[in-house]
Amino acid sequence: MKITAISINHMTEPLGFLLEKLHISFKINSETSETIQKQLIIKHQEQIDYQTDFLIYDNNIFEPDFPLTPRTRYDVTINLKRESGEIVSSTSHFETGKMTEAFEAKWITNNDKTIQNTLFRKNISITKKVIKARLYMTALGVYETFIDDQKVGNEFLAPGVDDYTQWIQVQTYDITKALQEGEHECLISTADGWFKGPYGFIEGVDCIYGDQHRAIAEYHIDYEDGSHEVITTDSSWETTAGNITKSSIYYGEDRDDTIELTEWQPVAITNADKSILSDRLSLPLVVKETLDVKEVIQTPAGENMLDFGQNHAGLFRFYNRAPKGTKIYLQVGEILQEGNFYRDNLRTARAAFEYISDGIEKWVQPSFTYYGYRYMKVEGIDNLNPDDFKADVIYSDMESTGNITTQNSKVNRLFQNVIWGQKSNFVDSPTDCPQRDERLGWTGDANVFSNTAILNMNAYAFYRKFLKDVAIEQKLNDGRAPMYAPAFGNEDGGGAIWGDATTFVPWNAYQATGDASILVEHYDAMRDWVDWITRHTATPNLWTDCFQFGDWLALDGENPAMPTGKTDEDFIASIYYYYSAYIVSETAKLIGNTADEMKYAKLSQGIKTAIHDEYISKNGRLTIDTQTAYALALQFKLIPNEQTSRVVSDLVNRIGKDDNHLKTGFVGTPYTNQMLSKYGYHKLATTIFLHEDYPSWLYAVNLGATTVWERWNSVMPDGSMNPEGMNSLNHYSIGAIMEWAYKYVLGIRNSKKGYQKFDLAPEFDARLNKVSGYYESSYGKIAVAYEIETDDNHTIKMTLSIPFGATAHVKLPRSENVTIMINNHEIIGGQFDLTAGTYTISYQPNQDYIERYSAETPAAEIMSDAYLVEKIDKIDPILDFFRNDPDALNGGLGKLSLKKLNEILPFITISQENLDKIVELLEATPVISQRKD
């Protein structure tokens with residue numbers, strides 16, 4: 001038995017973070033379950049601040065409550081007492097920031113507001129041995145700081161993106177090694193960033209939060225002799241302009257290294273508000289991996305290009321070998337068009353880097369921007385050496401927690417595209433895209449993808465910060481949740497799904513981890529949102545007559561110019577109103593607010609009843625015949641149990657009318673496949689998932705996508721960009737399909753108390769006959785691997801790993817009264833519980849998973865199978881119709897089954913006897929990919 005990880009507020013050894021409530025969890029590596037006891041000890045400087053007795057281990061969580069002091073390191077020890085009496089221990093630590101301690105330092109600035117890169121410096125002398133040194137600082141817009149020309153820390157674009165008029169995050173750095181005895185130069189470099197540079201959804205708006213760079217810093221130094229010194233930003237600092245001549249997030253950056261830094265002058269002191277300074281919540285933006293050049297390209301247009309092989313977000317760097325004065329110009333893009341560089345889908349974002357060489361050989365990298373790209377166009381460097389260029393992938397510092405692989409390489413590429421979309425867009429805020437003139441924290445995207453995001457990465461702390469940004473916008477707007485946060489002065493907001501991120505995202509984070517602290521912190525904002533809807537709807541207990549995005553980018557809209565889809569907007573909005581009220585009620589129960597629990601439970605039930613009265617007949621028929629409407633009704637359990645099968649059937653029929661392809665947008669896409677698999681139509685869900693024509697997920701894969709697109713067809717079949725515009729090739733919302741894969745292909749679902757208990761219930765399909773994957777839960781890794789063998793017995797073999805402290809309720813399909821082998825032991829029937837350990841399972845299902853044709857198989861699919869055609873010809877000459885008229889096969893008639901053609905076309909007549917024989921043949925014949933003939 002070993003403790004493998006200790007997390008403090010879902011982070012490892014956090015330094016200087018805002019810790020309003022402590023949540024300490026740990027993971028245990030053990031192949032067997034046993035009764036143990038747990039103990040937590042927290043101390044600083046050998047003084048015990050908090051200690052429990054040895055407690056019965058009934059979960060892996062401690063929530064200590066004791067007063068923290070500023071700028072203090074706390075050592076955390078967890079002890080486990082085994083049945084044998086053996087004590088197993090592990091340690092970690094966390095360190096507080098300034099907390100509520102006032103800043104002695106002053107805000108410093110340069111009076112010239114036009115400077116693009118403001119430098120601040122001070123020379124200091126350390127004359128005694130230092131045992132500990134910390135830097136507490138922030139700046140506006142974005143900054144880097146140095147001691148003796150060495151960058152402090154490893155993060156980019158600090159202090160992150162917020163409404164800087166409401167709160168400004170302070171970063172804490174350990175500078176003990178950098179600040180030893182001797183003379184030192186402390187330097188701060190700032191640029192516009194989100195604070196001052198042009199930003200937001202409205203082109204050309206700059207100085208949204210301020211018009212002048214400034215910085216504030218305190219260097220706290222503890223000496224060996226017990227003394228303490230604080231060096232602060234004050235009037236003794238000096239300032240000048242740096243060698244970055246222009247910089248902003250959309251623009252990119254211009255840098256001239258031939259500029260000599262002169263004209264240093266005393267700083268100005270500004271009385272800017274210090275009360276809004278806060279310890280950080282933002283996870284640092286760091287280099288998570290580095291990409292090499294995959295190919296050097298000479299385009300038909302004569303351009304020098306580099307292909308990094310993967311669309312991503314971050315910074316690039318190159319090794320400068322150019323003579324002094326040489327201008328190097330680098331531009332980036334996501335895709336080539338006719339083999340040439342393309343960047344029109346970036347709209348007004350320049351997304352470039354201009355560099356003037358000082359003639360010194362060195363690595364050069366932009367500092368105060370970031371890019372979304374795969375390709376780089378290089379001007380000013382001849383004879384490109386691929387080793388001289390690197391792409392640093394940068395996103396918020398989250399650990400990977402999940403992955404899935406199959407025997408299908410295209411599916412594997414899709415799952416990687418989903419994860420790369422998350423990497424690219426979790427840049428302090430869950431942006432919609434990393435490349436064009438937008439990159440905003442759209443709340444709708446964040447909402448629909450949040451479950452997938454939490455399965456892919458440890459995103460709890462990331463969402464905690466984002467939700468604070470959302471809550472700030474709500475306070476500024478009477479409870480109305482924003483379209484995106486920060487809102488950059490945009491006064492619009494209030495739409496369903498988008499606004500409902502304020503309730504759904506913390507609820508989903510709680511469901512995944514069992515940690516309710518995010519709900520406690522965000523409760524007022526959640527309640528205020530529901531109250532805002534109640535005040536602004538035109539219809540009691542429904543949400544009507546407000547702006548709505550509808551089922552954004554759905555394909556079933558009657559007006560192609562309207563991207564809101566066909567599903568009634570008020571229906572969608574009312575469902576989310578209902579469920580947000582439900583979430584508030586359940587949260588009130590968790591925190592012990594009985595009055596609110598009853599109030600919002602009554603409200604949610606009233607909304608549910610009103611939805612049923614308005615949109616659902618007494619027999620369970622929906623008045624809206626769209627895939628999204630059916631999926632939402634099932635997902636949010638709007639239908640009585642006795643009528644559920646009717647709605648499921650109607651969903652399946654609707655999909656059949658839509659050629660078994662999705663027509664859903666932002667709202668319906670995350671749920672449709674899940675509802676099909678949940679209610680017995682996993683085969684259809686898998687069919688939809690595996691489509692390769694438009695619209696489908698694999699359509700993009702086949703066209704070379706390495707991230708998820710904004711539209712189903714952002715790129716047309718011939719490789720050209722969709723002429724309708726709005727074509728980000730690095731969005732993540734429809735990547736929410738990966739949640740379905742975790743829950744139904746792997747089978748990890750129905751978490752309780754942060755996966756302390758969960759169902760492990762994969763749904764099998766022979767088209768995905770070899771699957772493996774995992775989710776690193778708050779208790780440890782849940783791993784699943786299985787193979788559907790193609791031998792005569794069609795045996796299913798599985799390997800399952802369950803972490804210590806968790807219980808999996810296993811449900812194996814097609815296993816009723818079947819012998820199941822578990823680690824060489826027999827049981828009967830495929831429902832059982834497993835605790836800690838690794839298990840090898842095998843059984844022969846009572847019905848095999850070979851994919852066969854059916855009575856509903858389209859004629860075009862039949863005609864593509866020569867074996868089947870030969871057999872049918874011996875029964876009936878019906879297929880002569882398509883031989884004589886091949887155009888009919890390629891048109892709508894080819895999509896119909898022989899049974900349907902016999903019903904609707906008077907010139908096609910098959911006797912019932914022959915039709916029965918053909919159906920019998922179809923149902924007995926495996927599809928081409930699974931036949932051994």
Side-chain angles (χ1 to χ4, degrees), residues 407-408 649 652-653 655-656 659-660 676-677 679-692 745 762-771 786-797 812-819 830 842-883 888-889 893-905 908-933:
Q407 91 289 349
N408 186 319
S649 178
V652 171
N653 289 335
I655 292 172
D659 196 22
N660 282 353
L676 290 172
S677 292
Y679 288 107
Y681 288 88
H682 183 70
K683 179 179 177 180
L684 176 56
T686 305
T687 296
I688 292 169
F689 176 68
L690 291 177
H691 282 319
E692 298 189 24
V745 178
E763 299 289 343
F764 299 133
D765 189 291
R767 290 165 292 180
L768 294 173
N769 63 2
K770 194 171 184 179
V771 175
Y786 62 79
E787 182 173 0
I788 304 172
E789 296 192 339
T790 57
D791 59 18
D792 291 338
N793 294 323
H794 308 293
T795 303
I796 293 173
K797 294 185 176 180
L812 300 177
R814 303 183 185 180
S815 63
E816 296 81 3
N817 301 315
V818 167
T819 299
S842 64
Y843 74 104
Q844 184 179 342
N846 52 32
Q847 179 185 344
D848 68 47
Y849 281 92
I850 292 177
E851 184 74 9
R852 294 177 174 84
Y853 296 106
S854 73
E856 305 304 320
T857 298
E861 188 174 342
I862 291 173
M863 290 295 290
S864 67
D865 187 337
Y867 169 86
L868 199 57
V869 170
E870 180 184 353
K871 295 292 185 182
I872 292 176
D873 284 344
K874 292 178 179 179
I875 300 172
D876 193 283
I878 174 61
L879 298 180
D880 287 344
F881 171 76
F882 292 107
R883 291 191 189 93
L889 186 68
L893 294 180
K895 296 179 180 180
L896 301 179
S897 68
L898 298 183
K899 178 181 176 182
K900 190 68 174 179
L901 290 167
N902 195 47
E903 290 176 2
I904 65 173
L905 296 180
I908 291 182
T909 56
I910 313 173
S911 69
Q912 188 61 47
E913 180 183 0
N914 283 355
L915 184 60
D916 290 343
K917 289 179 180 179
I918 290 173
V919 170
E920 183 179 358
L921 170 67
L922 290 169
E923 292 178 345
T925 305
V927 298
I928 294 174
S929 62
Q930 293 180 37
R931 281 212 305 270
K932 297 181 180 181
D933 55 23

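Quick caveat, the model's predicted, so the values are computed rather than measured.
- Nearest heavy atom pair, residue Lys683 against residue Glu851, reads CE-OE2, 2.9 Å.
- Smallest separation of non-hydrogen atoms from Pro762 and Val745: CB-O, 3.6 Å.
- In this structure the side chain of Ile655 never reaches within 4.5 angstrom of the side chain of Tyr681, judged on heavy atoms.
- Under the 4.5 Å side-chain criterion, counting only non-hydrogen atoms from C-beta, Leu896 is in contact with Ile904.
- Counting heavy atoms from C-beta outward, Leu690 and Asn408 have side chains that approach closer than 4.5 Å.
- Put simply, the side chain of Lys899 does not reach to within 4.5 Å of the side chain of Ile918, judged on heavy atoms.
- None of Asn914, Leu915, Ile878 except one satisfies the side chain to side chain contact (heavy atoms under 4.5 Å, CB included) rule with Asn902; the exception is Leu915.
- The environment of CG in Asp880 is crowded: more than 12 heavy-atom neighbours from other residues, nucleotides or ligands sit within 6.0 Å.
- Contact check for Leu901 versus Phe882: side-chain heavy atoms found under the 4.5 Å cut-off.
- Contact record, Thr795 with Ser842: CG2-CB, 4.3 Å, taken as the closest heavy-atom pair.
- When all heavy atoms of Val869 and Ile862 are compared, the closest pair comes out as CG2-O, 3.4 Å.
- Counting all heavy atoms, side chain and backbone alike, Pro926 lies closest to Ile850 at CB-CG2, 3.7 Å.
- Side-chain atoms of Glu763 and Thr686, non-hydrogen and from C-beta on, never get closer than 4.5 Å to each other.
- The distance from atom CG of Leu889 to atom CD of Glu861, rounded to the nearest 0.5 Å, is 11.5 Å.
- The aromatic rings of Tyr849 and Phe764 lie perpendicular to each other, with more than 60° between the two planes, well past the 30° mark.
- Ser815 contributes no side-chain N or O that, together with a main-chain N or O of Val818, makes up a donor-acceptor pair within less than 3.5 Å.
- When all heavy atoms of Tyr843 and Thr819 are compared, the closest pair comes out as CB-O, 3.5 Å.
- For the pair Met863/Arg883, a side-chain contact is recorded, criterion being any heavy-atom separation below 4.5 Å from C-beta on.
- The environment of CD in Glu923 is crowded: more than 12 heavy-atom neighbours from other residues, nucleotides or ligands sit within 6.0 Å.
- In this structure, Glu816 and Asn846 have side chains that are in contact, with non-hydrogen atoms separated by less than 4.5 Å.
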